[in-house]
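All residue numbers refer to positions in the sequence shown, counting from 1.
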Amino acid sequence: MRDYQYPLDLDWTTEEMVAVMKLWDQLEQAYEKGINATDFLTTYQAFKKVVPSIGEERRLGREFENLSGYSLYQTVKTAKETQGRLKMNAK
């Protein structure tokens, strides 16, 4: 994990923040080590319960990508097309 803060909304409950933080953590893992695509998509579904709006998802995803260089959109897209191990390549 690098030295930056995950994009979060202070109005979320602790449980919701944990779900979103888990997604950011697994997104990092997808780029840095690799992760099971099914596990990532399961975490993404939990994230979507907290952030159902596509506009809000895009805003948070862009914010995270600006901080880390890791794309939520590209990772979700690739995970949906992948069976088994998901390993993203940084830009």
Can you list the residues that meet the ring-ring contact (aromatic ring centres under 6.0 Å, His included) rule with Phe47, with sequence neighbours excluded?
-> Trp24
Asp39 side, atom CG; Lys22 side, atom NZ - distance, nearest 0.5 Å = 8.0 Å
Report yes if the side chains of Tyr73 and Glu65 come closer than 4.5 Å at any heavy-atom pair, otherwise no.
-> no
Please name the pair of heavy atoms, one in Ala79 and one in Ala37, separated by the smallest distance, quoted to 0.1 Å.
-> O-CB, 3.9 Å
Qualifying side chain to side chain donor-acceptor pair (under 3.5 Å) pairs, either residue in residues 45-63, two or more places apart | Tyr44-Glu57, Lys48-Glu57, Glu56-Arg59, Arg59-Glu63
Closest approach of Arg85 to Asn36 (non-hydrogen atoms, all atoms of both residues) = NH1-N, 3.8 Å
Partners passing side chain to side chain contact (heavy atoms under 4.5 Å, CB included) against Asp9 (at least two apart in sequence or in another chain) = Asp11, Trp12
Closest approach of Ala19 to Ala46 (non-hydrogen atoms, all atoms of both residues) | CB-O, 4.4 Å
Nearest atoms (heavy-atom pairs only) where Pro7 meets Leu67 | CD-CD1, 4.4 Å
Checking Val51, Val50, Leu8 against Glu16 for side-chain contact (heavy atoms from CB on, under 4.5 Å), the one that qualifies is Val50
Main-chain N/O of Tyr31 paired to Lys87 side chain as donor or acceptor, under 3.5 Å = yes
What distance do Met21 atom CE and Gln5 atom CD have between them, rounded to the nearest 0.5 Å?
-> 9.5 Å
Inter-residue atom distance Phe64.CZ - Glu28.CD, 0.5 Å rounding | 4.5 Å
Linking I/L/V/M/F/W/Y whenever their side-chain heavy atoms sit closer than 4.5 Å, directly or via other members, would Tyr6 and Leu10 fall into one cluster?
-> yes
Scan for side chain to side chain donor-acceptor pair (under 3.5 Å) pairs involving residues 74-84, sequence neighbours excluded, and state none if there are none.
-> none
To the nearest 0.5 angstrom, please state how far the OH atom of Tyr70 sits from the CG atom of Leu27.
-> 8.5 Å
Rounded to the nearest 0.5 Å, how far apart are CD1 of Ile35 and OG1 of Thr43?
-> 6.5 Å
